2 protein chains.
Amino acid sequence: MYELFFKKMAEKITLTSAQQDIIKQYLIPKKIRKNQYLLQEGDVAKHAAFVEKGALRAYSVDDRGTEHIIQFAFEGWTISDLYSFLTGEAATYNVDALEDSELVLISKAAQDEILKQIPEYEVYTRLQITGAYLAMQKRLTSILSLSLEERYINLTKLYPNLIQRVPQRMIASYMGLTPETLSRVRRKIKDK
Amino acid sequence: MYELFFKKMAEKITLTSAQQDIIKQYLIPKKIRKNQYLLQEGDVAKHAAFVEKGALRAYSVDDRGTEHIIQFAFEGWTISDLYSFLTGEAATYNVDALEDSELVLISKAAQDEILKQIPEYEVYTRLQITGAYLAMQKRLTSILSLSLEERYINLTKLYPNLIQRVPQRMIASYMGLTPETLSRVRRKIKDK
DNA sequence: TCATTGCGTTGACGCTTATCAATGCGCTTT
DNA sequence: AAAGCGCATTGATAAGCGTCAACGCAATGA
């Protein structure tokens, strides 16, 4: 249990097995079925979720009922409404499972406790959020400066997983497009 | 000197004056004139820059010569090509001054040294990047789910500074629009 | 087996935004 | 004071994307 979780950590910091045992005390394993909610808008995000297996998405719903996908999370990724998780305020978006998934939950209290006891973990969280920041900046700059075709091609290269495991209409939502437009973009690329 | 820099830190962590003195040894003050470059695409980002006074922007230039503004930085903000700063690879964008400015530079080596000597600084950098992440996520979701008018109004509320101190065409670039379109959006809002 | 449902695709149309061009204004420079 | 320049604005037109509608297909269930 927690193999991938510690494997990911080992890529950035070194922990003794005693330290790992301390951390394990605070982790909560959880299985979640496809289409099941992990978090709903209005709830308070009590946990961050590390994905051991499966796939999740975070999304909001606007006035017109349109879904906007904020983030996907596959194996090795962490997902939560970070703002709600940190502040304890109501979540601004929903998180649900795209496939049957296995998660590792970390509560805010657990995270704080681990941060206190294990200085290395502070480094890990800093590096992790830095990576997430850079990835999101890349996503944002690609929206601002690339054509739809370029954006889609980049996405397929960056996350081959995404294309195979996620329905097109969700990819469209992630890109800020209608499914029809994405379908036409794909056609254009194919025709070349 | 460095007043704002330490004031901002004091909002998140507590440092002894001895610790502050250690940090000061690694800081480099720098004045920069309006329109002057701090960093150009292709350079390696050697420093992160904290803005004590003035205003800077980070931007890229695409194939057609169009500028895309990635980030503004006013007093109290930090700016750099984070990716280049961390990896030592060539910068992917430019940073220049919108006004005569006073900066506090921190080199990568200095940062690493401070992180080693002062554990509190690790906490500070983590909280800082987390805040930047959340702000960028907000910017991204507003692009995906709001109308142009809503986005512009939000921007004026969030950063009143921006509207007063930055030319419209740069705000348009920041929003991913042409100056003409932003002008029309502003007109529509005014007419209501 | 047949009906149902959800998804991706395609077509027609309209709205939004980009592009191109022109004007006026304020600021700087000489 | 005059000329030159960058910037914001406005108008006309074109391109891109959203919306609405219809269809085919595969998966699901009666």
Side-chain angles (χ1 to χ4, degrees), chain A residues 33-36 55 57 59-69 72 96-100 141-156 162-192, chain B residues 33-36 55 57 59-69 72 96-100 140 142-156 162-192:
Chain A
R33 284 277 172 81
K34 180 172 175 172
N35 292 328
Q36 202 180 330
R57 64 166 180 164
Y59 68 98
S60 64
V61 182
D62 70 17
D63 312 331
R64 280 173 279 182
T66 311
E67 293 180 357
H68 300 279
I69 294 186
F72 292 105
D96 67 7
L98 301 176
E99 308 170 356
D100 293 352
T141 55
S142 103
I143 290 178
L144 293 181
S145 57
L146 299 183
S147 71
L148 292 189
E149 296 183 34
E150 289 171 317
R151 284 172 61 196
Y152 183 76
I153 290 169
N154 280 1
L155 210 58
T156 61
L162 201 68
I163 315 301
Q164 293 159 352
R165 292 165 63 180
V166 174
Q168 311 267 356
R169 63 194 174 77
M170 291 193 189
I171 294 171
S173 164
Y174 181 79
M175 292 179 70
L177 308 176
T178 60
E180 293 95 328
T181 298
L182 179 58
S183 173
R184 287 175 182 122
V185 168
R186 283 162 50 83
R187 184 130 228 301
K188 263 196 176 176
I189 293 171
K190 208 179 171 187
D191 285 353
K192 285 185 177 167
Chain B
R33 284 277 172 81
K34 181 171 175 173
N35 294 328
Q36 201 181 331
R57 63 167 180 164
Y59 68 98
S60 63
V61 182
D62 71 17
D63 312 331
R64 280 174 280 182
T66 311
E67 293 179 358
H68 300 278
I69 293 186
F72 292 106
D96 66 8
L98 300 176
E99 307 169 357
D100 293 353
L140 195 137
S142 103
I143 291 178
L144 293 181
S145 57
L146 299 181
S147 70
L148 293 189
E149 294 182 35
E150 289 171 316
R151 285 172 59 197
Y152 182 75
I153 291 169
N154 280 0
L155 209 59
T156 60
L162 201 67
I163 314 301
Q164 293 160 350
R165 291 164 64 180
V166 173
Q168 311 269 356
R169 63 191 176 79
M170 291 192 189
I171 295 171
S173 164
Y174 181 79
M175 293 179 69
L177 307 175
T178 60
E180 292 94 330
T181 297
L182 179 58
S183 172
R184 286 171 183 125
V185 168
R186 282 161 51 83
R187 186 131 228 299
K188 264 196 175 177
I189 294 170
K190 207 178 171 187
D191 286 353
K192 286 186 177 166

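First the proteins, then the strands, lettered A, B, ... as listed; each starts at 1. The structure presented is a predicted model; accordingly, all values stated were derived computationally and were not measured. Just so it is clear, the values below take in all heavy atoms, side chains as well, and ignore hydrogens, waters and symmetry mates.
Summarising the geometry, atom CZ belonging to B:Arg184 is positioned 11.5 Å from atom CG belonging to B:Leu177; distances are rounded to the nearest 0.5 Å. A distance of 7.5 Å separates CD1 of B:Ile69 from CZ of B:Arg169, quoted to the nearest 0.5 Å. We find the CD-CE distance between B:Gln168 and B:Met175 to be 11.0 Å, quoted to the nearest 0.5 Å.
We find that CZ of B:Arg151 is positioned 12 Å from C1' of C:dT17, with the value rounded to whole Å. B:Leu146 places its CG atom 17 Å from the C1' atom of D:dG18, with the value rounded to the nearest Å. Computed from coordinates, the B:Leu148 CG to D:dG18 C1' distance equals 14 Å when rounded to whole Å. Computed from coordinates, the B:Leu177 CG to D:dG16 P distance equals 17 Å when rounded to whole Å. Residue A:Tyr152 contributes atom OH, which lies 16 Å from atom P of D:dC17 at whole-angstrom precision. Summarising the geometry, the separation between CD1 on A:Ile171 and P on C:dT9 is reported as 11 Å, rounded to the nearest angstrom.
Residue order along DNA chain C, read from the 5' end via each residue's closest nucleotide, puts B:Lys188 first among B:Lys188 and B:Arg64.
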When every nucleotide of nucleotides 5-10 of chain D is labelled 5' to 3' by its protein contacts under 4.0 Å (heavy atoms), B for base, S for sugar-phosphate only, - for none, what sequence of letters results?
--SSSB

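Annotation: ring-ring contact (aromatic ring centres under 6.0 Å, His included) contacts of B:Tyr174 (sequence neighbours excluded): B:Phe72.
The closest donor-acceptor contact from the side chain of A:Asp100 to the backbone of A:Lys34 lies under 3.5 Å. In this structure, the side chain of A:Ser145 engages the main chain of A:Thr141 through a donor-acceptor pair within 3.5 Å.
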